[in-house]
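Single-structure report; data block below.
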Protein chains: 2
Amino acid sequence: MTPAARRALTAAGRLFYERGIHAVGVDLIAAEAGVTKKTLYDRFGSKDQLVVEYLADRDERWRARLAERLDACASPRERVLAVFDVSRAWMDENSPRGCGMVNAHAEIDDPSHPAYAIITGQKQWMLTLFTDLVRPLAPGSAESLGRTLMLLHEGALVAFGLRVFPGALEQARDQAAALLDGAVDRTPAG
Amino acid sequence: MTPAARRALTAAGRLFYERGIHAVGVDLIAAEAGVTKKTLYDRFGSKDQLVVEYLADRDERWRARLAERLDACASPRERVLAVFDVSRAWMDENSPRGCGMVNAHAEIDDPSHPAYAIITGQKQWMLTLFTDLVRPLAPGSAESLGRTLMLLHEGALVAFGLRVFPGALEQARDQAAALLDGAVDRTPAG
DNA sequence: CCGAAAGTAGACCGATCTGTATACCCGTGG
DNA sequence: CCACGGGTATACAGATCGGTCTACTTTCGG
């Protein structure tokens with residue numbers, strides 16, 4: 001990716017997230033990135049493609065960030081709870097308006113849009129992640145427990161973005177910890 | 001509200017929800033409602049105001065629907081779980097794309113926008129509702145339990161809209177039931 | 001009987017939207 | 001030396017946006 005394309009994608013990502021996809025025009029993106037519209041269209045072809053690459057880039061950065069943190073965890077239990085910690089840090093840093101994928105989904109009605117696969121793909125991946133992380137702790141109820149953790153996590157992201165109450169991620173994390181304790185008790189490994 | 005205004009608001013509500021607010025123009029709303037643009041502007045004044053009344057109307061219908069169901073419940077425990085049942089029915093009927101308030105929030109960045117108060121107001125009201133419903137069952141932990149139920153509920157709405165897995169509302173309901181059992185055990189009334 | 005309210009039909013305005021075209025500049029590698 | 005890739009600057013096209021306007025019709029209560 002050329003330097004101008006990088007700048008354009010960075011600016012587009014910030015503007016799409018902060019103001020919404022349909023509310024941001026390509027002229028504004030070009031201006032904010034210090035890039036010509038011609039360059040923008042030479043590199044990305046269309047606004048739709050720029051949206052797709054925005055979501056793909058955001059998804060990639062999120063997964064990399066998460067993987068880095070999970071690798072540093074010692075136990076399965078720590079890994080599950082670390083997901084909530086990474087989310088909390090991610091939200092604090094550059095996501096005051098909640099999950100970018102959920103917000104993008106609100107603006108894209110067509111399931112055949114290429115962005116759709118990225119959005120639902122990340123959510124599916126997160127569900128699988130939770131289920132896999134919890135399996136060593138509670139093999140018998142991993143699927144159900146993974147789904148519940150998914151609900152708590154998604155709910156916390158929404159509650160954070162809408163400022164329903166302070167400490168939504170911490171609340172979800174605490175509840176996740178309690179669920180793990182209960183599940184471990186009732187479902188001995190093996 | 002005049003008949004034409006009612007038709008316009010109904011059409012606007014359906015289009016705003018299905019396609020997103022910024023993606024729907026006033027010309028389309030007028031055409032779908034069988035109403036002229038002049039009538040639309042005579043009744044609502046601006047597209048922004050139409051958006052506000054769309055959200056206010058949706059909020060009102062949701063609360064009425066919920067209240068009706070809660071009144072028919074016999075026990076506090078039933079009332080808590082009924083919230084998830086009503087949500088499930090509401091989603092099945094006319095909300096395949098998740099919560100309209102969350103989706104609208106994704107498109108409105110300005111906190112001073114009148115629609116913002118409606119969106120956050122409904123979420124605050126839901127949090128208070130959960131907390132109040134659970135207080136008779138677990139007075140000592142009503143606030144924390146209410147927040148957790150809020151997270152489960154919001155997460156289920158998102159998971160439903162993004163089709164993360166089937167039965168998200170039922171999963172949330174089952175988990176809520178388990179939490180109530182645990183909380184009642186540990187927190188005797190009085 | 002008549003005036004006000006509610007409505008239709010449709011032209012129109014300026015702004016903004018995505019996307020394209022023309023002309024030119026510059027650094028680098030063969 | 002020079003061709004090419006990446007870039008700037010800017011004008012432009014066609015469509016759509018939110019919003020306004022004039023002219024006419026219909027309905028209904030005092």
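Naming: A, B, ... by sequence-line order, numbering from 1 per chain.
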Query raised in the report: Does B:Ser46 have a side-chain nitrogen or oxygen under 4.0 Å from the phosphate oxygens OP1 or OP2 of D:dG18?
Result: no
Query raised in the report: Looking only at side-chain N and O atoms, does B:Arg7 come under 4.0 Å of OP1 or OP2 in C:dT8?
Result: yes
Atom [atom1] of [X] and atom [atom2] of [N]: how far apart are they, to the nearest Å?
X       : N      : atom1 : atom2 : value
A:Tyr41 : C:dG19 : OH    : P     : 4 Å
B:Asp48 : D:dC17 : CG    : C1'   : 13 Å
B:Leu50 : D:dG18 : CG    : P     : 10 Å
A:Met1  : D:dG5  : CE    : P     : 19 Å
A:Ile29 : C:dC17 : CD1   : C1'   : 12 Å
B:Asp42 : C:dT8  : CG    : C1'   : 12 Å
A:Arg43 : D:dG6  : CZ    : C1'   : 6 Å
B:Leu40 : D:dC21 : CG    : P     : 16 Å

Any donor and acceptor pair, going by atom type alone, linking the side chain of [X] with main-chain N or O of [Y] inside 3.5 Å?
X        : Y        : result
A:Gln124 : B:Val164 : yes
A:Ser95  : A:Gly98  : no
B:Arg43  : B:Ala4   : no

Query raised in the report: Which pairs count as side chain to side chain donor-acceptor pair (under 3.5 Å) when at least one residue sits in residues 22-35 of chain A, sequence neighbours excluded?
Result: A:Arg14-A:Glu32, A:His22-A:Glu107, A:Asp27-A:Lys37
Query raised in the report: Does CZ in A:Arg61 sit with more than 12 non-hydrogen atoms of other residues, nucleotides or ligands closer than 6.0 Å?
Result: yes
Any N/O pairs under 3.5 Å between the protein and nucleotides 9-16 of chain D? List them or say none.
none

Query raised in the report: Within the structure shown, what part of the strands sits under 4.0 Å from A:Thr2 by heavy-atom distance: base, sugar-phosphate, or nothing?
Result: sugar-phosphate
Query raised in the report: Relative to the ring of A:Phe84, is the ring of A:Phe130 parallel (under 30°), tilted (30 to 60°) or perpendicular (over 60°)?
Result: tilted
Query raised in the report: When the ring planes of A:Trp90 and A:Trp62 are compared, do they come out parallel, tilted or perpendicular, using 30° and 60° as the limits?
Result: perpendicular
Query raised in the report: Where the side chain of B:Lys47 is concerned, which of D:dT8, C:dG19, D:dG18 is the nearest nucleotide?
Result: D:dG18
Query raised in the report: Is A:Val24 close to A:Tyr17 at the side-chain level, that is, under 4.5 Å between some pair of heavy atoms?
Result: no
Query raised in the report: For the helix from C:dC1-D:dG30 to C:dG30-D:dC1, what is the angle between the axes at its two ends, each from 5 pairs, rounded to 10°?
Result: 0°
Report task. Assess whether side chain to side chain donor-acceptor pair (under 3.5 Å) is satisfied between A:Ser144 and A:Ser141, documenting all intermediate values. Result -> CA-CA 6 Å; A:Ser144 177; A:Ser141 56; over 6 Å; no
